[in-house]
Amino acid sequence: MIEVEHLQKIYTLEGGEKVTAVDDVSFAIERGAFLSILGHSGSGKTTLLNLIGGLTRPNGGTVRIDGQDIWQLADDELSRLRNEKMNFIFQFASLIPTLNVIDNVLLPSAFGSAKRRDLVERARELLAMMNMAEKEHAYPAQLSGGQQRRVAIARAFINDPAIVLADEPTGDLDEETEQEVIDLFRKFNRERQTTFLIVTHSSDLAAQTDRQFRMTAGRLAPVEPST
Amino acid sequence: MELKILRLANQNLKRKKFRSLAIILAVLVVAATLFSITTIMDSVEQSLERGTARLGADLMVVPREAETEAKSALLAGKPSTFYMDADLFDKVQAIRGVRAASPQTFLTTSSYSCCDVSGMLLIAFDQKRDFTIKPWLTTTLQRPLKPDEVIMGRALTAYMVGSVLTFYKTPFTVAGMLEETGMDFIDNSVFMTYEGVDRILARAGKGNVAAADLPPDKISTILVQVDPEYAPSRVALFIEAEIDGVKAIVTDRIIASVRKQLFVLLRSILSVSVILWVMALLLIGVVFSMIVNERRREIGIFRAMGARRGHVFRLIILEATVLSFIGGILGVAVGGGVLAMFRDAIYASLDIPHLWPSTGRLALLVGVCLVLSVLTGMIAALLPALRAAFLEPYEAIRGGE
């Protein structure tokens, strides 16, 4: 369902120097895949995730989701695709500071056809899964980094996405909570056939995914299972 | 969809109270200035329109040397007496282009020894030829004015209909009050028939010393209605060419001169308002540019969550609209409050006719000020909103890092 072919992203730095963040990347994954992309900082894995998510335009290559080249879509259609089929977990604090916890979880509903009131119960369930039920009226500034991360993870499932693009999703979490999150991802993956692309530098996390890739200097290569 | 975006905008505004207040304050100042100036200008326009409509005359013929005094009487209602021979009336009536003419004689109540009230302008009119008071008599009083009756201008509210007032030691009953025009000449004057003046003169021989001062066979002005085929200014030229010693004042020109006077008076205030408006536009524009810069990551996250460019654009514009609408409402309230508190002092210092706008007109002025306030916010936020809408999502997210 996700086909990436010869994907390339080049950044031009202020001095005019060009940096190839993603270099001729190709791979294909089926619906329900549970995979990770390992790599050091600056290896291009976050850029790759954003290219697949339609957040930044590539300099070359294609990204097809369910056969549709997403970069051939009009901006509104691409936005709708993100709203209905995808969701993101960013590596940074991505909650909106002016919205409380429940409104942050419900944020995608502000831009789609789903009615807010129909999703409130689901938002509460997701918050309960993340042990954040009691904080639904708190604002991000009143939460710890780990709590904010848990709310962002709850938000990633509010629109029942077919694809979750997660960038260092367990960055601010302790080991116990990290495992709970991975288990939750696995649960959604098995029960809802949700596809997960998880960018991480943690080999332990990557080891729990079905397939692993390694990104080095913009190039992607599969990690062969150790015998 | 709009409700959801409005909710997002509202949440943001509530959490950024200081910035929201700064924008509201900027719009408030503009709206308050705009509302008070437009209300003053409108009240003068209304007064001139209604006053001249009530006067019903295209021309006002007065003694040449009394031109300034006559204009001052007409606009400021200052009691003044100037006279010309009554036989000029027949000459004016015979001029080409004159459709109807009506004489009036001005008397002042100069001392308490003669009259109940001092410093009041008494206007005697010819009930047969008049077109100033007669339309009101026909529609409201529905009968001719009796020789022992007077009609009061609207500003003379201290004198009740039915009460008896003494002018030149002669009693008159108040038969009614004219509607408000805002022109002191009409609102502060007392109207009586020439038969009423005859009653005063009849008492001159009975020890009424003051009445003996009234000039016999003299009139103060001849109000003229012009034939529609002739321009009032042309008929004024005919009159001045054919009759020596008179000035034919074109009433429309008085309006034009008052407008000019008003413009001169308000020009500096208008310049200040324009400067304030431009400053408000710049301030709101700069604040919203800052908001967009500060919220780049937030905008990127919105886009990642499925917000379209239109959503981001509307979100910024809605925030500006909500703030400028609140600023507009408060500005109108403040401007209206200041006007209500100081309107007498303001109009007294301007010394021009005025008529407080009717509820309908006031609602219109409020509406116009609110629309302009909202437009101010929307225009100021337009560029920042477009910039926000066209940010690439990932660039926006990275820019916020």
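Proteins come first, then strands; the chains are lettered A, B, ... in the order of their sequence lines, and each starts at number 1. Please read these numbers as outputs of a predicted model, since none were measured by experiment.
- At a 4.5 Å heavy-atom cutoff, the contact between A:Arg155 and chain B is made by side-chain atoms alone.
- Salt-bridge formation is detected for the pair A:Asp23/A:Arg219: a Lys NZ or Arg NE/NH1/NH2 atom is positioned less than 4.0 Å from an Asp or Glu carboxylate oxygen.
- In this structure, chain B has a heavy atom under 4.5 Å from the side chain of A:Asp103, while its backbone stays farther away.
- One finds a salt bridge joining B:Glu294 and B:Arg19 here, because a Lys/Arg side-chain nitrogen approaches an Asp/Glu carboxylate oxygen to under 4.0 Å.
- Ion pairing between a basic and an acidic side chain is recognised when a charged N comes within 4.0 Å of a carboxylate O; A:Arg57 and B:Glu392 show no such pairing.
- Here the side chain of B:Ser20 pairs a donor or acceptor atom with the backbone of B:Leu13 at under 3.5 angstrom.
- The most heavy-atom pairs under 4.5 Å with chain B, out of A:Asn50, A:Ile96, A:Leu55, come from A:Leu55.
- Between the side chain of A:Arg82 and the backbone N or O of B:Arg303, at least one donor-acceptor pair lies under 3.5 Å.
- Neither the backbone nor the side chain of A:Ala152 comes within contact range of chain B; no heavy atom of the residue lies under 4.5 Å from a heavy atom of that chain.
- Proximity to chain B (any heavy atom under 4.5 Å) is shown, for A:Pro97, by both the backbone and the side chain.
- Side chain of A:Thr170 to backbone of A:Leu173: no donor-acceptor contact under 3.5 angstrom is found.
- Residue-level contacts of residues 72-81 of chain A with chain B, in order of numbering, are A:Asp75, A:Asp76, A:Ser79, A:Arg80; threshold 4.5 Å between heavy atoms.
- Of the possible donor and acceptor atoms, none in the side chain of A:Asn189 sits under 3.5 Å from a partner among the backbone N and O of A:Phe185.
- Electrostatic pairing of A:Lys45 and A:Asp167 does not count as a salt bridge here, judged by no charged N lying under 4.0 Å from a carboxylate O.
- For the set A:Ile158, A:Asn83, A:Asn159, A:Leu106, the count of heavy-atom pairs under 4.5 angstrom toward chain B peaks at A:Asn83.
- Although no hydrogens or angles enter the test, the distance criterion places a donor-acceptor pair under 3.5 Å between the side chain of A:Asn87 and the main chain of A:Ala156.
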